[in-house]
2 protein chains.
Amino acid sequence: MSLVTDADKPTLYKLIRADIEKRILTGEWPPGHRIPFEHELVARYGCSRMTVNKALSELAQADLIERRRRAGSFVRRPQHQSAVLKIADIRAEITALGRTYGYELIQRKLRTATSADRDRLGVSKAGKVVAIACRHSADNVPFAVEDRLIDLSSVPDAATADFSREPPGSWLLHHVPWTEAEHTISAIVADERAAEALDIAVGAPCLVIDRYTWRSARTITAVRLLYPGDSHRLVARFKGG
Amino acid sequence: MSLVTDADKPTLYKLIRADIEKRILTGEWPPGHRIPFEHELVARYGCSRMTVNKALSELAQADLIERRRRAGSFVRRPQHQSAVLKIADIRAEITALGRTYGYELIQRKLRTATSADRDRLGVSKAGKVVAIACRHSADNVPFAVEDRLIDLSSVPDAATADFSREPPGSWLLHHVPWTEAEHTISAIVADERAAEALDIAVGAPCLVIDRYTWRSARTITAVRLLYPGDSHRLVARFKGG
DNA sequence: CACGATTATATGTCTAGACATATAAGTCAA
DNA sequence: TTGACTTATATGTCTAGACATATAATCGTG
């Protein structure tokens, strides 16, 4: 679903879809505008209804239009500022930049969840957790520090995983299938501990990503990533509004 | 496209789609797994090929599977950490929190683009721009300061718009149709000017969003939003990896 | 064995119908 | 005017076919 025109063979339904998409994107058909009925498009393009239906269904799936029975199809108002933020796996991110990835486990503890742990994971009953602190570096320069909690009742294998060689993020990526997550991004200034871990000055700005991951209502992990704020940037590209 | 099961009437193609989706999400069919051929699904569900085709096409459009001619359909590997970041219009964001929105224009200048302006907008030839500084507040507490540049060769109407009453973000949202944008998120510490504008201490952490907006290759606006880092949070929800 | 030609096959697109169903709009009575 | 009922209609889903086309697999040949 990109805005640039796909360079594939223009079949009829794709032509119809592209025609409509263009009118929406240029503003010719503003939000709320009723686009022609299926039977009108059938007449205009001289094809069967299933063909225009496929074009319209795809536009609906892409949230560009809204379809209402008996009423017709309407241009949706753009979802203001809904951006796609690509937060790559840190190792992948660093190697993609052509830099050498380094990883260092600072601490690993297996313990019964404290009340603070339970709060952080959003679970009510006590269970075992693994707490991990580690550091990622690029060309031997600290890149980010990670502070993670894994719920062992959801991911029992994590108890025996060797996190001294493999970053827990990568390990989880390969051992836990599809998940949902919530990111919270904020800014703080480095305290003494963070400053030392990132090799920056106390009081320097840091970008913080708190990620909370679950899978079908089961908590998996909560992680806080701390980046030097001046050297790291999150880029999000989007369309709409 | 949500992960939670839609509570709409389970038609046959939706059932097929949900069945497959569940197997992918639970990891029963891992990335790379070849899902049954259309003719096999036709036999299993006792329906026509168009019905299973519709289910598979939607899964393909949602990037859950990849379809290859002659080879079959395959579970795609999750796109690591691709998050949807909803950055609401500031006014909408504040009023949604049940707080009173306040807006104050600090400065508006119409000028021929300086070389710094051209750099920031990513345009090569000189033209007129509007430079705006303004402040958003919630319950009379500073919420964010905005520093914006609008390219008048793309949005001539902005020259005469009254930005003393309407925030430029809202104005643009209603006067410029679909756009593309790129956000860059970083952290800085407040300098004296920022500290005064946000009523925070010099050296306090700030979250910075730089947004660069264009429409079909034409630059529209570049804006920098500065939030107090401890009180503001960006939340992104996502699925995958 | 390497490489080019052939073939088999799964998906891609499309048709001309059908019936289902939600709902906007019109109708009529209180 | 309002509320309840009816009707018309646009979309939603589905079928049983058809031909197109990209390409994996096979087969032959040098």
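Here is the naming used below: chain letters follow the sequence lines, and residue numbers restart at 1 for every chain.
- A straight line from CD of B:Glu38 to C1' of D:dA16 spans 15 Å, rounded to a whole angstrom.
- Residues B:Ile35 and A:Gly46 each lie close to DNA chain C; by heavy-atom proximity, the contact nearer the 5' end of the strand is made by B:Ile35.
- The separation between A:Leu59 atom CG and D:dG12 atom P is 12 Å, rounded to whole Å.
- Judged by distance alone, the side chains of A:Tyr101 and A:Glu93 never bring a donor and an acceptor atom under 3.5 Å apart.
- For C:dT15, one of the phosphate oxygens OP1 or OP2 lies less than 4.0 angstrom from a side-chain nitrogen or oxygen of A:Thr51.
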Let me have the donor-acceptor pairs involving side chains of residues 150-158 of chain B, under 3.5 Å, with sequence neighbours excluded, atom names and distances please.
unit_1	atom_1	unit_2	atom_2	d
B:Asp151	OD1	B:Ser153	N	2.9
B:Asp151	OD1	B:Ser153	OG	2.7
B:Asp151	OD2	B:Ser153	OG	3.4
B:Ser154	OG	B:Arg218	NE	3.3
B:Ser154	OG	B:Thr219	O	2.6

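- No donor-acceptor distance shorter than 3.5 angstrom exists from the side chain of B:Arg23 to the backbone of B:Glu28, with no hydrogens or angles considered.
- Note on A:Leu12: only backbone sugar-phosphate atoms sit closer than 4.0 angstrom, heavy atoms only; bases stay farther off.
- Atom pair B:Lys54:NZ and D:dA16:P shows a separation of 17 Å (rounding to whole Å applied).
- Where A:Ser48 and A:Ala71 each meet DNA chain C at their nearest nucleotide, the meeting point lying more 5' is that of A:Ser48.
- Here the P atom of nucleotide D:dG12 and the CG atom of A:Leu56 are 8 Å apart, to the nearest Å.
- Between the CZ atom of B:Phe74 and the P atom of C:dA10 there is a distance of 11 Å, rounded to whole Å.
- Taking the side chain of A:Asn53 as heavy atoms from C-beta on, and the options C:dT13, D:dT15, D:dT13, the nearest nucleotide is D:dT13.
- For A:Tyr13, whose side chain is taken as the heavy atoms from C-beta onward, the closest listed nucleotide among D:dA10, C:dT15, C:dC14 is C:dC14.
- A donor atom on one side chain and an acceptor atom on the other are not found under 3.5 Å apart for B:Ser124 and B:Arg118.
- Listed pair B:Lys14 / D:dT13 meets the phosphate criterion, a side-chain N or O lying under 4.0 Å from OP1 or OP2.
- A:Tyr45 and A:Asp19 form a side-chain donor-acceptor contact under 3.5 Å, judged by distance and modelled atom types alone.
- Between D:dT11 and A:Arg68, no contact under 4.0 Å exists linking OP1 or OP2 to a side-chain N or O.
- Atoms CZ (A:Arg34) and C1' (D:dT9) sit 12 Å apart, rounded to a whole Å.
- Within the 3.5 Å criterion, the main-chain N or O of A:His39 finds no donor-acceptor partner in the side chain of A:Arg44.
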Fill in: Base versus backbone protein contacts along nucleotides 17-22 of chain C [heavy-atom cut-off under 4.0 Å; B, S, -]
-B--BS
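- Looking only at side-chain heavy atoms (C-beta outward), B:Val130 and B:Leu149 stay at 4.5 Å or farther from each other.
- The distance from atom CZ of B:Arg67 to atom P of D:dA24 is 15 Å, rounded to the nearest whole Å.
- Rounded to whole angstrom, the span from the CZ atom of B:Phe37 across to the P atom of C:dA8 amounts to 17 Å.
- Of the side-chain N and O atoms in A:Ser57, none sit less than 4.0 angstrom from OP1 or OP2 of D:dG12.
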